[in-house]
Participant: 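Input: one structure, supplied below.
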Amino acid sequence: MLADDPITEEGAIVRLNSYDEISARSLDSHHAADVLLVLASEVTGDMLTRVARVHRESGGEGRRLPVVLVANEFPEHSMLRAISLGLVSLLYRKESSFNAIARAVVSAARGCTKPGGDGVQQRLIGQIKAIRDNALIPHGLNVAGLGPREVNVLRLLADGLSTKEVAGRIGCSERTIKSVIHQLVARHNLKNRTHAVAFALRTGVL
């Protein structure tokens, strides 16, 4: 389980463990998990980065836990990133009960992406997955519409490197790096390289 704060996490663990089919634990319990439950007020790039870290530490890219997400705010630009990280069920916190959360967790563990109740959100997730698989991945793009080289450049810029240092690190000319930055800034209607780095951070790519 991943939550915004320890009080929410501890309370949810106690409550969910009252269900016969669920054994809820914190991330530091060092036990293998079948589902990652995320409880958040708002889904942010930082939260999605934490989810990505959980995947890496639990077995790498080859093993993605299904993610059940319970949140009040879910910005549209976060949807594709969350789906790429294994999102199978989305519940709005203000409208959910622990019974609904428990049903979603059990369904995710069984490989079912349509837990009981309204399946509109799950159908939306399925449609967005199709967009990702059919429109983004075949063109070498990620959920933010950035190519691998663009992500690499932005990651180095976020680390504080200059364009000259980035060029040296990647092994190309500074002119090439500036061209990469110019193209992605223009394509996404961004203001400058700082705005581009902020865009990548906000969408959880970095």
Side-chain angles (χ1 to χ4, degrees), residues 2 4 36 38 40-69 71 73-90 113 121-206:
L2 182 62
D4 279 341
L36 175 60
V38 180
S41 296
E42 179 181 0
V43 179
T44 63
D46 179 64
M47 173 61 76
L48 295 178
T49 297
R50 293 173 65 191
V51 172
R53 186 180 304 119
V54 171
H55 284 310
R56 290 195 299 270
E57 294 175 353
S58 65
E61 295 296 324
R63 181 177 184 268
R64 285 202 181 280
L65 297 174
V67 175
V68 173
L69 176 58
E73 301 292 336
F74 199 107
E76 292 180 2
H77 64 259
S78 298
M79 178 66 84
L80 277 173
R81 173 64 171 164
I83 288 174
S84 74
L85 292 172
L87 177 67
V88 297
S89 187
L90 171 63
T113 59
Q121 292 165 353
Q122 276 59 51
R123 289 197 295 274
L124 176 60
I125 290 172
Q127 291 170 357
I128 295 178
K129 282 182 178 177
I131 294 173
R132 178 200 63 187
D133 295 341
N134 297 323
L136 295 179
I137 293 178
H139 294 90
L141 299 175
N142 55 31
V143 294
L146 301 174
R149 184 168 64 170
E150 292 173 333
V151 172
N152 195 20
V153 169
L154 290 176
R155 182 175 291 113
L156 293 172
L157 290 174
D159 288 339
L161 276 66
S162 66
T163 53
K164 183 176 181 180
E165 291 170 329
V166 171
R169 184 74 63 87
I170 293 178
C172 62
S173 69
E174 185 177 3
R175 182 177 180 180
T176 297
I177 297 302
K178 290 181 178 180
S179 176
V180 169
I181 296 170
H182 174 75
Q183 290 175 16
L184 76 88
V185 165
R187 188 170 71 250
H188 294 281
N189 295 316
L190 304 172
K191 296 178 181 179
N192 49 43
R193 69 186 65 179
T194 301
H195 194 191
V197 170
F199 169 75
L201 289 169
R202 189 174 63 250
T203 55
V205 172
L206 299 184

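We use all heavy atoms of the structure for the numbers below, so side chains are in, but hydrogens, waters and symmetry mates are not.
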Participant: Hey, does T44 have a side-chain heavy atom less than 4.5 Å from the side chain of L48?
Facilitator: no
Participant: Are any non-hydrogen side-chain atoms of L154 and R193 less than 4.5 angstrom apart?
Facilitator: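 No, side chains not in contact.
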Participant: Show the numbers, then the answer: is there a side-chain contact (heavy atoms from CB on, under 4.5 Å) between V38 and V67?
Facilitator: CA-CA 7 Å; V38 180; V67 175; 4.0 Å; yes
Participant: Measure the spacing between NE2 of H195 and CG of N189 and express it to the nearest 0.5 Å.
Facilitator: 9.5 Å
Participant: Under 3.5 Å, is there a donor-acceptor pair between the side chain of Q183 and the main chain of V180?
Facilitator: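 No; zero donor-acceptor contacts below 3.5 Å.
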Participant: Hey, does E165 have a side-chain heavy atom less than 4.5 Å from the side chain of L156?
Facilitator: no
Participant: Between R155 and E150, is there a salt bridge with N-O shorter than 4.0 Å?
Facilitator: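 Answer for the salt bridge query: no.
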Participant: If you round to the nearest 0.5 Å, how far is CZ of F199 from CG of L146?
Facilitator: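 If I round to the nearest 0.5 Å, the distance is 5.5 Å.
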Participant: Taking N192 for its side chain and T194 for its backbone only, find out whether a donor-acceptor pair lies under 3.5 Å.
Facilitator: yes
Participant: Could you tell me whether R50 atom CZ has more than 12 heavy atoms of other residues or ligands within 6.0 Å of it?
Facilitator: yes
Participant: Do the non-hydrogen side-chain atoms of L36 and P66 ever get within less than 4.5 Å of each other?
Facilitator: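 Side-chain contact under 4.5 Å: no.
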Participant: Applying salt bridge (Lys or Arg N to Asp or Glu O under 4.0 Å), can you list everything that pairs with E174, at least two apart in sequence or on another chain?
Facilitator: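 Counting only residues at least two positions away or on another chain, E174 forms a salt bridge (Lys or Arg N to Asp or Glu O under 4.0 Å) with K178.
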Participant: Looking at CG of L69 and CE of M47, how far apart are the two atoms once the value is rounded to the nearest 0.5 Å?
Facilitator: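 The CG atom of L69 sits 8.0 Å away from the CE atom of M47.
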Participant: If I take atom CG from residue N152 and atom CD1 from residue I170, how far apart are they, to the nearest 0.5 angstrom?
Facilitator: 4.5 Å
Participant: Taking NE2 in H182 as the centre, count heavy atoms belonging to other residues, nucleotides or ligands within less than 6.0 Å. Is the count above 12?
Facilitator: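 No, the 6.0 Å shell around NE2 holds no more than 12 heavy atoms from other groups.
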Participant: For the residue pair T176 and S173, confirm or rule out a side-chain donor-acceptor distance under 3.5 Å.
Facilitator: yes
Participant: Could you walk me through whether L87 and V51 pass the side-chain contact (heavy atoms from CB on, under 4.5 Å) check?
Facilitator: CA-CA 10 Å; L87 177 67; V51 172; over 6 Å; no
Participant: For the residue pair V185 and A196, what are the closest heavy atoms and their distance?
Facilitator: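 The answer is CG2-CB, 4.2 Å.
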